Structures are given as structure tokens and as C-alpha cells.
Amino acid sequence: MSSIWFSGTIAKSIAEAKRRNALFIVFACDSSDKTEEMDTDVWGSQDLSNELSDAVAIRVEQSSTSFSQFTQFYPVMIVPSTYLIRTRKKSFFCQ
């Protein structure tokens, strides 16, 4: 797995994104083959890691407390999915 992921809690990752006024990325995932495929093909890309080095990205497992906390504000209908959130701006959902 790529080193792109923030290692703290969802609350700490949000605070860090706000502090840095950075793009906040949430990868909502599970243990499916589709998640594994996205880990390898998308998030495992060194080019992507380089491009998103200023962003704060967090990976939340569907069975985790962080996932439950995130879905209180952004309902997750499809797993895996990726949310791109800008501080004080619109958010975008990517599948």
C-alpha cells in the first residue's frame, strides 16, 4: 500500500487538512477484490502519490469507527469509493 495515507484518526486528518488548507481525500474501502484492485492500480501509483503529496488522504475500512464517523456527514453508498473534499468548497465523489 502507498505511503499516501495519513496515519491518524479521521478527526485528526480533518484537522490537518483544515490547518494546511489542503485537499482532503477519503478512500472508503472493504476487503473486496475491487478494493484490492484500487489499492494496486490507483493508490499504489507513485505518480499519483507525487501529485497528491500536498493532500491529506485517509483510508477508512467499512467496519471501522472512522468509517461510521465519516458516513454521518457523507453517506457512503458504494464501497470502495473515494471522496475529494476541499475546505470551504464543494466536495466531489469518485467511484
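Note that the structure is a prediction, hence the values are computed from the model and not measured. Sequence positions, counted from 1, serve as the residue numbers for this chain.
- With rounding to the nearest 0.5 Å, the separation of CG in Leu23 from CG in Leu84 is 5.5 Å.
- Contact of the Ser7 side chain with the Trp5 side chain is not registered, since no non-hydrogen atoms from C-beta on lie closer than 4.5 Å.
- More than 12 heavy atoms of other residues, nucleotides or ligands shown are found within 6.0 angstrom of CD on Glu37.
- When only modelled atom types and interatomic distance are considered, Asp47 and Ser45 share no side-chain donor-acceptor pair under 3.5 Å.
- One N or O on the side chain of Thr71 and one on the backbone of Phe67 form a donor-acceptor pair closer than 3.5 Å.
- None of Ile10, Val60, Thr9 except one satisfies the side-chain contact (heavy atoms from CB on, under 4.5 Å) rule with Gln69; the exception is Ile10.
- The structure places CD of Gln62 at 9.0 Å from OG of Ser64, a figure rounded to the nearest 0.5 Å.
- Looking only at side-chain heavy atoms (C-beta outward), Ser32 and Val79 stay at 4.5 Å or farther from each other.
- The residue from Ile4, Ile25, Asp39 that alone fulfils the side-chain contact (heavy atoms from CB on, under 4.5 Å) condition with Arg59 is Asp39.
- Taking each heavy atom of Pro80 and Met38 in turn, the nearest pair found is CG-SD, 3.5 Å.
- Counting non-hydrogen atoms of neighbouring residues, nucleotides and ligands closer than 6.0 angstrom, the CG atom of Asp33 reaches no more than 12 such neighbours.
- Considering only heavy atoms from C-beta on, Glu61 comes within 4.5 Å of Cys29 through its side chain.
- With rounding to the nearest 0.5 angstrom, the OG atom of Ser81 is 9.5 Å from the CG atom of Asp30.
- Under the salt bridge (Lys or Arg N to Asp or Glu O under 4.0 Å) test applied with Glu16, the options Lys12, Arg20, Lys18 reduce to a single match, Arg20.
- Residues Phe70 and Ile58 are not in side-chain contact: their nearest non-hydrogen atoms beyond the backbone lie 4.5 Å or more apart.
- At least one side-chain heavy atom of Trp43 sits under 4.5 Å from a side-chain heavy atom of Leu52.
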